[in-house]
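Residue indices begin at 1 and follow the sequence shown. Quantities reported herein were computed from a predicted structural model and do not represent experimental measurements.
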Amino acid sequence: MAIDYGTKRVGLAVTDPLKIIATGLDTIAAAEIFTYLDAYLAKEEVECIVVGEPRTLMNKASSVTPQVNGFVKKIKERYPKIKLERLDERFTSVMAQQAMLDGGLKKKDRQNKETVDKISAVLLLQNWMEANARK
């Protein structure tokens, strides 16, 4: 599972058991993330949660890094048996916008921030799977 955490919205993506393709799961309000995760993890097996690491173009911590760090700490406390990894999420929003453009989505649909967050989570998970396939 990949999580593109934002202070307002959270994009979620999952993969199939064979880890072939990442698929958008949902976009939810940040305040509801743990209620959502509790319900999801009660019915689905997740071996690893990948959380996007917000970085600036200069590879420094971004302004939302403290909130993401707090979120990651809560995940580790709440779900200690699930492996957690962080992955640089620079450019995922730009890549998500480009993917929507390439996919032929209308301008109105491309401006939907929920769609961008979900696609960003998909890209994050796909990048993580590709990196781990090489290991």
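- Closest of all the heavy-atom pairs between K76 and L84 is CE-CD2, 4.0 Å.
- Between L25 and M1, the closest side-chain pair of non-hydrogen atoms falls below 4.5 Å.
- Atoms CD1 and CD1, from I49 and I75 in turn, are 5.0 Å apart once rounded to the nearest 0.5 Å.
- Taking OG1 of T23 as the start and CD of Q126 as the end, the distance is 8.5 Å to the nearest 0.5 Å.
- Here K83 pairs with E85 under the salt bridge (Lys or Arg N to Asp or Glu O under 4.0 Å) rule; sequence neighbours left out.
- Using a 4.5 Å heavy-atom cutoff, the side chains of L12 and I33 are in contact.
- Remark: K19 engages E47 in a salt bridge (Lys or Arg N to Asp or Glu O under 4.0 Å) (not counting sequence neighbours).
- Of the possible polar contacts, none joining the T65 side chain to the E53 backbone as a donor-acceptor pair under 3.5 Å is found.
- In the hydrophobic clustering of ILVMFWY residues, with side-chain heavy atoms under 4.5 Å counting as a link, Y79 and Y5 come out together.
- A 4.5 Å side-chain heavy-atom check between I28 and T35 finds every atom pair outside the cut-off.
- By the rule that hydrophobic residues join a cluster once side-chain heavy atoms approach within less than 4.5 Å of another member, V72 and Y40 end up as members of one cluster.
- The aromatic rings of F71 and F34 are tilted relative to each other, their planes meeting at an angle between 30° and 60°.
- Applying the 6.0 Å contact sphere to CD of E45 captures no more than 12 heavy atoms from other residues, nucleotides or ligands.
- Taking every heavy atom of both residues into account, L124 and I3 meet most closely at CD2-O, 3.6 Å.
- Tracing side-chain contacts under 4.5 Å through hydrophobic residues (I, L, V, M, F, W, Y), one reaches V14 starting from Y36; they form part of the same cluster.
- When every heavy atom of A30 is checked against every heavy atom of G6, the shortest pair comes out as CB-O, 3.4 Å.
- The shortest non-hydrogen separation linking D4 to S120 is OD2-CB, 3.3 Å.
- Residues L37 and R78 form no side-chain contact, since every pair of their non-hydrogen atoms from C-beta on lies 4.5 Å or further apart.
- One hydrophobic cluster, built from ILVMFWY side chains closer than 4.5 Å, holds both V10 and V46.
- Heavy atoms only, all atoms of each residue included: A2 and A121 are closest at CB-O, 3.4 Å.
- Listed for the T15 side chain is a donor-acceptor partner under 3.5 Å among the backbone atoms of I21.
- Atom-to-atom distance recorded for M129:CE and L18:CG is 11.0 Å, nearest 0.5 angstrom.
- N69 has its side chain within reach of R86: a pair of non-hydrogen atoms, C-beta onward, lies under 4.5 Å apart.
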